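Only one structure is covered here, and it is reproduced in the block below.
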Amino acid sequence: MIYFLKKSTPSKKGLYLQIYKNFYDHDTKKKKTVSHTTLGYACDLIEKGIKDPIAYGQQIVKELNATLNNNYQKQIGDESACKYAGHFLVKAMFDYLDLDRVMNIMSSNFKSKYLMSDLVRTLTYVQFLNPGSKLNAFEKVIPNIYDSKKFSYDQILDGVNFIGKDYPKFIELINHGIANKWKRNIEKVFFDCTNYYFEIDEQDDFRRYGPSKEERKCPIIGQALLLDADMIPIDTEFYPGNQSEKPFIRKKVEEMKAKNNVEGRVIQVADKGLNCARNIYAAVKEANDGYIFSKSVHGKSLSEAEKKWVLLEDNYINKWEEVKNSNGELLYKYKVSRKLDEKNKVVDYDDFTYKCKINPDDKDEITFTVKEKRIVTYNPLLAKKRRHEIQKEVEKLQKKLTYKEAIHEELGDSSKYVKLKTITENGEKVKIATEINIEKVSEDLSYAGYNLLVTSEIDATPTSIYNTYHRLWRIEESFRIMKTYLEARPVYLQNENSIYGHFIICYYALVIERLIELKLFNDEFSPDTIFEFIRSYKITENFDGSYINNATNSKFINMLKKKTGLSKIGNLYLTNKEVNNIMNYEI
C-alpha cells in the first residue's frame, strides 16, 4: 500500500486536492486505487490560512507513508509477516511422485473435513521448515507457510494418529511413487539401526530402557532403516528399545524382496552391530544373498592368530596396499587375508565356520561353513579420532577414580578400561572399579583406525568392497538428518500410533530430501545446503501487493536459476505471478 496526492480541476473553482491510496486486492488479485481523504479546493484551503495547499497535501502524504513504513518495519521484525516459500522444492517432488490420489483413497475411512494428502504434505513441509512439537507446528509454522492449508490442532493430532495406525502402507505408497519414476537399484542394500530417547519417567511396553546411542538414561525406541544402492531409503521399522537390532536386517530384506518381486541375489551391507552368525546364515543359506559386514578387529569372535594378523607387517603373501589422494596423501591402506591352497597357489579367500541357533528357542546350535574374503583396512584419520576418544574416556575415568571407587554399573562402556574387585555392600555383592586397566587401554590404542571387512563376494576387488562398505556413511548421515534437521527426537507425543505417525512424517521428509539431493541435484549439494535454502527462502508482502525476497543470494540460488528455469528466484522484488510460478514449479 502507498499514499499519493491527486490533483484535479473538476470545476471552474480551480485545483481540487485528494489523497488516494494504492493497494493489492487479494480477492481479485489486482491493484486497486481508492480515495483515502479529501482536502478540498486549493482556494478554500488558502482562505483557511494554508499558504501552499500542494505542499500541505504532500506533507500529509509523506506523514501517512512514514507511519505506514514504520508499521511495516515493525512487521518485518515479526516473523509472522514473513512467509516460508522454500518448500516449493518439497512440493514439486510431492507433485512429481503423484501420491495424492492413492493416499486419499486409502485414507477414505478416515472421516475428516480435509484430504489426508494435504495434511501429510503440510506436516512434511513443517519438518523441512521449522520442526518441533505439533503444537508449535499448529501455532507458529503452518500459519506462516505461503499458500498453506489450515488445520485445527485436534485435526493434526487425529491425522498423525491415523498415519501411525497403518504406517507400512504409507511407506509402500512412497516406494511405489519412486519406482514409477526411477528404476530402483537393489543389487546392494544398506542397513543400520539407531534409537530415539523419550523424556519420560517410566518405561512402557514400547518405550523401553536399553543402550542409547546418545548415552541417555531414558526409555528409547529403535529404528531400523534400509537403503537401496543409490542410498534412497526403501523401508523403516520401529521396535521397543530393549530389543536386539540384529533380527531386523533379516526381516526387512525378506519383506523388501517379497514386495518388489526380487528373485536375484542382494548384497547386504551393514556395520559390525548387525554382524552375527545368524545373519550370515540367513543371507547365504536361506536367502541365497551375499553380504559385506564389518567385524571388530579385537573382539571375542576373532582368534588370537587373526588378531595378530591384523597388526602384522608385510610378508610375501599378505602385503599392505596404499590408496592415496591426488596430493599423494594416504587415504587408507588395506591387506587381504591370503593363503596357499593345496596346489601351492595364492588365494584370497578361505572357508570359515560359524555356529548359531536358527530359532531363539532351539536347544542346539547348527554349524555351517561359508567361503569368505577378509580385508583389514587402516584409516589414519579414523585412527586419530579413535585415539582421541580413548584418551578422553580414560581421563574421565581417572578423575572419577581419584576421589572414590566407582560402581561398575555406573561406568557403562567405560568399564572395559578399569580393573574390578567384588565387595559386599548391604548384604549384596557389588563390583567396584579400583584402577585403570593399562593393558586394555594400550590394546585398544594399538587397534585404533583398523577395521575388518568380511564378505561372501570372493570375486570382488578389495577396493570395490571397501568403497561399497564405506557408502554406509550415507545411512549414518540419514540418521543425522532425522535427529538434527528433522528433529525426530525428543518426541513430544505419547500415544504409540501417534509416535509412529510422527516418525513416518519424518521418514517422508528424509526420503524427499534424498530425492532432491541425489536425483534432482545429482549429489552436487549437501543436505546442509538444501535445508539452509529451504528454511531461509522467505518472502514478505510489499505495499503494492508484490513481494520482497528475504533470502540472501547464494551459489545454490544461482544453480536453481539454471536447473529450474526460475530466473526471477533471486530477485529482490517478486510479483504475485512470479511467486506463483515459483510455488508451482514442476520437476
Side-chain angles (χ1 to χ4, degrees), residues 1-2 21-33 72 75-76 78-101 103-104 114-115 117-130 137 140-151 177 181 508-509 512-513 515-516 520-521 530-554 556-587:
M1 184 185 298
I2 192 167
K21 60 181 178 181
N22 277 334
F23 67 96
Y24 182 79
D25 190 326
H26 288 279
D27 293 329
T28 62
K29 299 189 182 303
K30 293 180 180 179
K31 289 182 182 179
K32 278 192 174 182
T33 302
Y72 183 67
Q75 284 184 330
I76 293 296
D78 178 7
E79 288 188 3
S80 64
C82 300
K83 296 294 183 184
Y84 292 107
H87 64 290
F88 77 87
L89 286 174
V90 186
K91 176 182 178 295
M93 188 58 73
F94 255 115
D95 293 342
Y96 187 65
L97 294 176
D98 193 22
L99 309 178
D100 291 2
R101 184 183 67 85
M103 186 180 293
N104 292 327
Y114 61 86
L115 296 175
S117 60
D118 288 340
L119 179 69
V120 172
R121 279 174 175 260
T122 302
L123 292 180
T124 305
Y125 299 158
V126 169
Q127 294 305 125
F128 271 92
L129 297 169
N130 187 2
K140 297 180 180 180
V141 187
I142 296 175
N144 295 322
I145 300 176
Y146 180 84
D147 207 24
S148 173
K149 304 290 183 181
K150 301 297 187 292
F151 307 92
K181 300 299 181 180
Y508 262 52
I512 287 175
E513 188 284 325
L515 292 173
I516 292 171
L520 184 59
F521 297 141
I530 293 169
F531 274 105
E532 182 182 358
F533 166 76
I534 290 174
R535 292 180 177 179
S536 65
Y537 195 79
K538 298 177 183 179
I539 55 176
T540 302
E541 188 176 354
N542 201 9
F543 300 133
D544 58 359
S546 66
Y547 289 87
I548 297 173
N549 173 8
N550 301 28
T552 304
N553 197 25
S554 65
F556 187 82
I557 289 179
N558 291 332
M559 182 278 304
L560 273 180
K561 293 178 185 179
K562 298 176 183 178
K563 184 74 177 178
T564 63
L566 299 170
S567 58
K568 308 288 180 135
I569 195 170
N571 287 13
L572 173 63
Y573 292 102
L574 297 168
T575 66
N576 190 262
K577 181 179 179 181
E578 288 165 348
V579 171
N580 286 333
N581 284 341
I582 292 170
M583 296 310 302
N584 293 319
Y585 163 68
E586 294 181 0
I587 295 174

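As the structure is a prediction and not an experimental result, all values here were calculated from the model. In this chain, residues are counted from 1 in sequence order.
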Handout entry: Derivation of the side chain to side chain donor-acceptor pair (under 3.5 Å) call for N580 and Y146
Key = CA-CA 10 Å; N580 286 333; Y146 180 84; 3.2 Å; yes
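- Atom-to-atom distance recorded for I539:CD1 and I582:CD1 is 7.5 Å, nearest 0.5 angstrom.
- Panel note: side chain K83, backbone P143; a donor-acceptor pair is recorded below 3.5 Å.
- Closest of all the heavy-atom pairs between V126 and A137 is CG1-CB, 3.8 Å.
- Residues passing the salt bridge (charged side-chain N to carboxylate O under 4.0 Å, His left out) test with D98: none are found, sequence neighbours excluded.
- In this view, Y537 and F533 satisfy the ring-ring contact (aromatic ring centres under 6.0 Å, His included) rule, not counting sequence neighbours.
- Residue K181 qualifies as enclosed at atom NZ: its count of foreign heavy atoms under 6.0 Å is above 12.
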Handout entry: Stepwise side-chain contact (heavy atoms from CB on, under 4.5 Å) test for I534 and V90
Key = CA-CA 9 Å; I534 290 174; V90 186; 4.0 Å; yes
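- Note: Y573 OH to N549 CG = 11.5 Å, rounded to the nearest 0.5 Å.
- For Y125, the side-chain hydrogen bond (donor to acceptor under 3.5 Å, both in side chains) criterion is met by R121, not counting sequence neighbours.
- Contact annotation: the side chain of E532 never approaches that of F556 to less than 4.5 Å [non-hydrogen atoms, C-beta and beyond].
- Contact of the K91 side chain with the N584 side chain is registered, since non-hydrogen atoms from C-beta on lie closer than 4.5 Å.
- Nearest heavy atoms, A509 versus Q127: CB-CB, 4.1 Å.
- Inter-residue side-chain proximity for K140 and N130 is flagged as unmet; no heavy-atom pair is nearer than 4.5 Å.
- In this structure, I516 CD1 and L89 CG are separated by 5.5 Å, a value rounded to the nearest 0.5 Å.
- In this structure the side chain of I587 reaches within 4.5 angstrom of the side chain of L520, judged on heavy atoms.
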Exercise for the section: Might you work through the side-chain contact (heavy atoms from CB on, under 4.5 Å) test for L560 and L566, ending with a clear yes or no? Expected result: CA-CA 7 Å; L560 273 180; L566 299 170; over 6 Å; no
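- Not counting sequence neighbours, F88 has no partner by the ring-ring contact (aromatic ring centres under 6.0 Å, His included) test.
- Minimum interatomic distance between M583 and A85 (heavy atoms only, all atoms of both residues): SD-O, 3.7 Å.
- Taking the side-chain hydrogen bond (donor to acceptor under 3.5 Å, both in side chains) definition, one finds that T122 meets it with nothing, sequence neighbours left out.
- Not a single side-chain contact (heavy atoms from CB on, under 4.5 Å) links S567 to another residue, sequence neighbours left out.
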Practice task
Evaluate the side-chain contact (heavy atoms from CB on, under 4.5 Å) criterion for residues L515 and L97: first the C-alpha distance (whole Å), next the side-chain angles of each, then the deciding distance (0.1 Å), finally the verdict.
Solution key: CA-CA 10 Å; L515 292 173; L97 294 176; 3.9 Å; yes
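- Between I512 atom CD1 and H87 atom NE2 the span is 12.0 Å, to the nearest 0.5 Å.
- Sequence neighbours left out, the pairs with a member in residues 574-586 that pass salt bridge (charged side-chain N to carboxylate O under 4.0 Å, His left out) are K568-E578.
- Interatomic distance, OG1 of T540 versus CD1 of I548, reported as 6.5 Å (0.5 Å rounding).
- Partners of T33 under the side-chain hydrogen bond (donor to acceptor under 3.5 Å, both in side chains) rule, at least two apart in sequence or in another chain, are N22.
- In this structure, the ring-ring contact (aromatic ring centres under 6.0 Å, His included) partners of F531, at least two apart in sequence or on a different chain, are F128, Y485.
- Judged as a ring-ring contact (aromatic ring centres under 6.0 Å, His included), and not counting sequence neighbours, the contacts of Y114 are F151.
- Here the shortest heavy-atom pairing between I557 and T552 reads CD1-O, 3.5 Å.
- In this structure, L129 and R535 approach most closely via the heavy-atom pair O-CG, 3.4 Å.
- Rounding to the nearest 0.5 Å gives a distance of 10.5 Å between CD1 of I569 and CG of N553.
- With sequence neighbours excluded, the residues forming a side-chain hydrogen bond (donor to acceptor under 3.5 Å, both in side chains) with N104 are S117, listed by chain and number.
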